[in-house]
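Read through the structure below, which is laid out as structure tokens, and then see the notes.
Small disclaimer: the values here were computed from a predicted structure and weren't measured.
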Amino acid sequence: MKKYVPILLMPVLLALGCKKNDDLESDKNYYQLYEVEYNKVNAETRAYATFRENDATGRKVELKGAANVKANTKIANTTTEDITRYYWDLPGTSDVNFILTKNYGGTISNTVRRAEIGDINITTVYPEFVPKSEGLGFKWAGDPLQENEKLVATIISGANLVRETKEFMGDSVYFTPYELSEISPEWVTVQLKRIKELPLENKDHGKDGKMKVTLVTYTYTTLQ
């Protein structure tokens, strides 16, 4: 009879293990992170949502059971690389309303508004070719930077394999020949992002979080 004990206990252990796994997030409060990037050139929007247990250092949450998140009423997408990072591709550059539904049935609403981020334009007009030996820079114009805003410039190789990025202040930015050394002489994307962090509108039972809104614009040139 003794040799049958593990077999009899196995269904019980499996049931307990499954229950613990299924209920892992249902009784937790979430740290919410919402990100919205407005593409000014293509008039498109990419939105993201990520949740963690309790705070920014907590374990990432995979929404299961009745739990889900929608953006402008649309169901989220995920990738096999990270099933806990939810995303949406949306037409236009409208406000994005995120609705998080918890397993117990409650909902939490937070909205990222396009008006929260100021405008940007790259004003530099490049010649047909730019020698790498001269470096590469540009000037920009737009609304003055506000609190919790920053500017990030990036030079991206044509094959999108190499990029050089820097945060800057003022109305211009410059990449030295040394900083461009890893980028091949080819066409490149000159990108400017304006990024702002916002507080949550509604927390999950007092747990913190943040919203990040980005406006991106870009132009092209060819390095030689």
Side-chain angles (χ1 to χ4, degrees), residues 30-52 56 60-63 67-102 107-123 138 140-160 163 165-168 173 187-204 208-220:
Y30 300 163
Y31 174 95
Q32 304 170 76
L33 172 60
Y34 301 110
E35 303 167 86
V36 175
E37 182 172 291
Y38 294 111
N39 186 317
K40 182 176 178 178
V41 177
N42 295 335
E44 298 172 343
T45 300
R46 170 62 73 95
Y48 299 93
T50 307
F51 307 99
R52 292 181 179 271
K60 283 186 175 181
V61 173
E62 178 189 0
L63 300 177
N68 67 80
V69 60
K70 295 181 179 179
N72 291 355
T73 72
K74 297 183 181 298
I75 298 173
N77 303 291
T78 58
T79 66
T80 54
E81 287 77 16
D82 187 353
I83 58 176
T84 65
R85 184 165 167 81
Y86 301 91
Y87 76 92
W88 300 259
D89 288 312
L90 305 169
T93 56
S94 301
D95 299 346
V96 179
N97 173 240
F98 296 94
I99 299 291
L100 168 64
T101 300
K102 299 293 292 292
T107 60
I108 303 169
S109 174
N110 284 278
T111 300
V112 173
R113 295 172 175 82
R114 169 63 182 85
E116 291 282 0
I117 194 82
D119 197 18
I120 49 172
N121 292 285
I122 296 175
T123 59
F138 64 83
W140 75 280
D143 300 313
L145 290 182
Q146 304 298 315
E147 186 178 0
N148 296 325
E149 286 190 344
K150 64 181 180 180
L151 296 171
V152 176
T154 307
I155 309 300
I156 307 170
S157 68
N160 198 26
R163 58 179 59 204
T165 297
K166 63 169 61 178
E167 185 176 333
F168 70 100
V173 62
W187 70 270
V188 295
T189 301
V190 181
Q191 182 188 84
L192 173 63
K193 286 186 176 183
R194 182 172 184 153
I195 304 169
K196 184 177 184 179
E197 289 192 359
L198 305 167
L200 288 177
E201 292 179 331
N202 294 290
K203 299 180 180 182
D204 184 6
D208 207 356
K210 65 181 177 181
M211 303 189 292
K212 185 167 74 172
V213 55
T214 300
L215 180 64
V216 58
T217 189
Y218 47 85
T219 186
Y220 304 99

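No donor-acceptor pair closer than 3.5 Å links the side chain of Asn110 to the backbone N or O of Phe98. At least one donor-acceptor pair closer than 3.5 Å links the side chain of Glu149 to the backbone N or O of Gln146. Glu201 places a side-chain N or O within 3.5 Å of a backbone atom of Thr111 that can act as its donor or acceptor partner. Although no hydrogens or angles enter the test, the distance criterion places a donor-acceptor pair under 3.5 Å between the side chain of Lys196 and the main chain of Glu116. Between the side chain of Thr93 and the backbone N or O of Ala43 there is no donor-acceptor pair closer than 3.5 Å. Distance alone, capped at 3.5 Å, places no donor-acceptor pair between the Trp140 side chain and the Leu192 backbone.
Looking at Tyr34 and Asn97, their side chains never bring a donor and an acceptor atom within 3.5 Å of each other.
Partners of Lys40 according to the side-chain contact (heavy atoms from CB on, under 4.5 Å) rule, which considers only residues two or more places apart in sequence or in another chain, are Asp119, Asn121, Leu215, Thr217. For Arg85, the side-chain contact (heavy atoms from CB on, under 4.5 Å) partners are Glu35, Tyr48, Thr50, Asp82, not counting sequence neighbours. Here Thr101 pairs with Asn68, Ile99, Thr107 under the side-chain contact (heavy atoms from CB on, under 4.5 Å) rule; sequence neighbours left out.
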Checklist entry - How far apart are the C-alpha atoms of Arg114 and Asp95, what are their side-chain angles, what is the distance that settles it, and do they pass the salt bridge (Lys or Arg N to Asp or Glu O under 4.0 Å) test? => result CA-CA 5 Å; Arg114 169 63 182 85; Asp95 299 346; over 6 Å; no

Next on the checklist: Go through it in stages, so that I can follow the logic: the residues are Met211 and Leu200, the test is side chain to side chain contact (heavy atoms under 4.5 Å, CB included), and I'd like the CA-CA distance, side-chain angles, deciding distance and then a yes or no.
Outcome noted: CA-CA 6 Å; Met211 303 189 292; Leu200 288 177; 3.9 Å; yes

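Under the 4.5 Å side-chain criterion, counting only non-hydrogen atoms from C-beta, Thr154 is not in contact with Lys193. You'll find the side chain of Val190 reaches within 4.5 Å of the side chain of Ile155, heavy atoms only. Taking 4.5 Å as the limit, some side-chain heavy atom of Val96 sits within range of a side-chain heavy atom of Asn72. Counting only heavy atoms from C-beta outward, the side chains of Asn39 and Tyr218 approach each other to under 4.5 Å.
Aromatic ring pairs are classed by plane angle as parallel below 30°, tilted from 30° to 60° and perpendicular above 60°; the pair Tyr86 and Phe51 is tilted.
Counting heavy-atom neighbours within 6.0 Å of Lys166 NZ, excluding the residue itself, gives a total above 12.
The CZ atom of Phe138 sits 9.0 Å away from atom CD of Gln191, with the distance rounded to the nearest 0.5 Å.
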